[in-house]
Amino acid sequence: MNISVNPLVTKHSNLNSALRMTIGGAQVDARDGSTMPVIDPSTGRQVATIPEGKAADADRAVKAARERFQSPEWRKMKPVARQRLLLKFADLIEAHADELAELESIDAGKPLAIARNSDLASVIDVFRYFAGWATKLTGETLDVSVPRMPDGEFFAYTKKEPVGVVVGITPWNFPISMASWKLAPALAAGCTVILKPAEDTSLTALRLGELALEAGYPDGAVNIVTGRGHEIGAALVAHPGVDKVSFTGSVATGQAIGRSALDKMTRTTLELGGKSPVIVMPDANLDWAVTGAAMAIFFNQGQTCTAGSRLYVHRTIYDEFVERVVEAAKQLKIGPAFEDGVFFGPVISEAHAEKVMSYVDTGRSEGVHLTLTGERLDRPGYFLSPTVMTGTRESMRVVQEEIFGPVLAAAPFDTEEEAIELANGTPFGLAASIWTENLSAAHQLAAQVQSGIVWVNCHNLFDPNLPFGGVKLSGLGKDLGRSAVESCLEQKSVMIRLQ
Ligand code: NAD
């Protein structure tokens with residue numbers, strides 16, 4: 001693949017010159033000068049440093065965002081001007097897509113072709129989609145009776161107003177995609193934004209800060225800060241100048257953020273973890289279903305919130321199905337992000353590789369059968385091979401807990417009722433897929449699965465217009481779609497007495 005890259009940001013050269021935070025329209029270091037290392041998971045080597053912002057940096061970012069939000073220039077900006085800015089931002093991302101994909105691959109270990117053709121392609125679409133919403137926001141007029149004044153005449157309407165300063169906090173598994181999910185709807189709604197990417201994967205977000213300024217966003221409208229979650233992240237959430245926090249990450253962090261935000265009634269959207277079931281009915285198109293089930297868990301090395309980590313297959317086809325998924329797993333080309341033809345890159349970090357492998361040990365001690373035993377590969381970087389566990393039971397930790405790696409737990413079922421009971425048998429409710437050729441079974445099962453999204457005969461497919469978000473412990477509120485813009489708006493009711 002021929003990649004044209006900004007000479008400042010190739011993996012081989014000095015990344016530092018390009019990598020500063022964007023606060024109030026300026027490219028800045030952390031106030032106290034602290035930095036954090038950037039590690040390439042494909043090699044385990046440090047390739048750069050980025051600013052390690054702290055509470056003082058959170059404070060100046062919030063002040064900049066607040067000042068811009070309250071400025072007459074921003075408040076009076078016409079919807080069409082917001083739309084144009086988002087479209088320009090999208091154009092610049094598209095123009096720099098190869099470079100951004102390369103940054104993403106360095107930082108997250110994503111195979112380059114996937115970063116370019118999947119992640120970046122969807123980011124550009126997301127910005128263009130939300131640009132459209134800027135000019136389509138509406139309130140309502142309402143007929144009112146006003147019992148206390150039966151003879152009065154009134155005109156009543158609702159008006160949507162931007163919620164204010166929005167903080168987006170994102171995880172490391174889809175860094176630039178998650179950044180687009182937070183930035184675009186908030187900017188379409190007329191909010192100003194502070195984005196805090198995950199400490200392991202901040203490069204593309206930092207570059208987006210530069211591109212936002214180039215697109216013409218005024219100082220303070222788009223701020224990008226980097227640093228540790230428990231420091232700058234927590235400081236942003238607790239800051240009185242923040243009106244909304246849109247968070248994607250783990251359940252534990254989401255709960256902590258929700259509690260802290262509630263103290264000030266800060267609005268929250270919480271997109272959290274999952275343990276998503278894949279249900280294969282006996283009449284499924286097996287070629288589709290085998291590939292679909294393998295991709296559902298092994299795409300992005302299993303580091304996907306919607307990973308199909310629990311496979312439930314009708315007993316009549318179970319043995320053959322599992323065998324074929326194992327074969328598919330063995331065919332995956334594992335390797336560094338920049339090697340041609342690689343589908344399966346490294347996991348994000350040493351700590352995460354150890355955590356995933358510890359779950360393989362947990363499964364072993366819980367008595368699962370390791371039909372395919374994942375291993376830590378003996379090479380630099382954080383490479384694991386896929387694991388398929390069979391003989392699992394619902395009470396096992398490997399079935400109940402989000403592993404966030406390439407580890408599949410499979411079990412057979414006999415009836416539809418049993419399939420639903422198994423599918424709904426965890427505290428999570430993010431996503432599910434159902435594989436069947438029977439239209440009525442598909443609808444009936446989809447209605448009974450407790451999850452924010454149900455795919456039928458596909459898995460892990462997203463569209464900017466399709467709201468996405470979980471139920472149960474998987475979260476609160478929606479990203480994407482109209483719902484995401486609405487969540488950055490406050491509804492104000494106005495009633496005028498005419499007579
Ligand atoms: P994490 O919760 O550890 O971190 C997420 C973000 O929160 C990071 O930017 C981190 O710096 C920040 N953070 C950490 N502590 C904080 C605090 N006290 N206050 C404020 N911010 C804080 O999650 P992770 O390990 O980066 O990501 C993996 C998790 O994300 C998985 O559980 C996965 O399922 C989930 N995820 C969910 C979705 C979704 O849309 N539902 C999408 C992707 C990932």
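Atoms within a ligand are numbered from 1 in the order they appear, just like the ligands themselves.
- In this structure, a donor-acceptor pair under 3.5 Å is absent between the side chains of S180 and S177.
- No hydrogens or angles considered: nothing links the side chains of K472 and T426 as a donor-acceptor pair under 3.5 Å.
- At least one heavy atom of W172 lies less than 4.0 angstrom from ligand 1.
- By the 4.0 Å heavy-atom criterion, G254 is excluded from the residues contacting ligand 1.
- Side-chain N/O atoms of S202 and K196 include no donor and acceptor closer than 3.5 Å.
- When heavy-atom distances to ligand 1 are checked against a 4.0 Å cut-off, P197 comes that close only through its backbone atoms N, CA, C and O.
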_Using ring-ring contact (aromatic ring centres under 6.0 Å, His included), reason through W172 and F404 one step at a time and then give a plain yes or no._
CA-CA 11 Å; W172 47 258; F404 219 52; 5.2 Å; yes

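- Within the 4.0 Å heavy-atom criterion, the part of I257 lying near ligand 1 is the side chain and not the backbone.
- Here the two rings, on W181 and F174, have centers that are 6.0 Å apart or farther.
- For atom 39 (C) of ligand 1, the choice among P171, C305, G274 with the nearest heavy atom turns out to be C305.
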Below 3.5 Å, can you tabulate the donor-acceptor pairs from side chains in residues 293-308 to any protein atom, sequence neighbours excluded?
{"from": "N300", "atom 1": "OD1", "to": "K110", "atom 2": "NZ", "distance (Å)": "3.0"}
{"from": "N300", "atom 1": "ND2", "to": "N173", "atom 2": "O", "distance (Å)": "3.2"}
{"from": "N300", "atom 1": "ND2", "to": "Q303", "atom 2": "O", "distance (Å)": "3.0"}
{"from": "Q301", "atom 1": "OE1", "to": "G345", "atom 2": "N", "distance (Å)": "2.9"}
{"from": "Q301", "atom 1": "NE2", "to": "P346", "atom 2": "O", "distance (Å)": "3.0"}
{"from": "Q303", "atom 1": "OE1", "to": "I348", "atom 2": "N", "distance (Å)": "3.0"}
{"from": "Q303", "atom 1": "NE2", "to": "N300", "atom 2": "O", "distance (Å)": "3.2"}
{"from": "T304", "atom 1": "OG1", "to": "F299", "atom 2": "O", "distance (Å)": "3.4"}
{"from": "T306", "atom 1": "OG1", "to": "N460", "atom 2": "OD1", "distance (Å)": "2.5"}

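- Residue-ligand proximity, N173 to ligand 1, at heavy-atom distances under 4.0 Å covers atoms 43 (C), 44 (C).
- With a 4.0 Å heavy-atom cut-off, ligand 1 is reached by the side chain of F247 but not by its N, CA, C or O.
- Defined by atom type and a distance below 3.5 Å, a donor-acceptor pair is present between the side-chain atoms of T204 and E104.
- Looking at F462, F468, F404, F428 and measuring to atom 28 (C) of ligand 1, the nearest heavy atom belongs to F404.
- Near G233, meaning under 4.0 Å from one of its heavy atoms, ligand 1 places the atoms 19 (N), 20 (C), 21 (N).
- Taking only non-hydrogen atoms, the option from G249, A235, G168, G475 nearest to atom 35 (C) of ligand 1 is G249.
- Within the 4.5 Å cutoff, side-chain heavy atoms of E366 are placed close to those of R397.
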*Worked verdict on F413 versus Y312 for ring-ring contact (aromatic ring centres under 6.0 Å, His included)*: CA-CA 6 Å; F413 68 86; Y312 299 116; 7.5 Å; no

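- No part of V251 comes within 4.0 Å of ligand 1, judged by heavy-atom distances.
- The nearest protein heavy atom to atom 4 (O) of ligand 1 is not closer than 4.0 Å.
- Per-residue contacts place T248 under 4.0 angstrom from the following atoms of ligand 1 (heavy atoms of the residue considered): 5 (C), 36 (N), 37 (C), 38 (C), 39 (C), 40 (O), 42 (C), 43 (C), 44 (C).
- Atoms of ligand 1 found under 4.0 Å from any heavy atom of I169 (numbered from 1 in listed order, with element): 6 (C), 7 (O), 9 (O), 12 (C), 20 (C), 21 (N).
- At a 4.0 Å heavy-atom cut-off, ligand 1 touches L430 through the side chain alone.
- Every side chain to side chain contact (heavy atoms under 4.5 Å, CB included) that V326 has, sequence neighbours left out, goes to V322, K330, T371, L372, V388.
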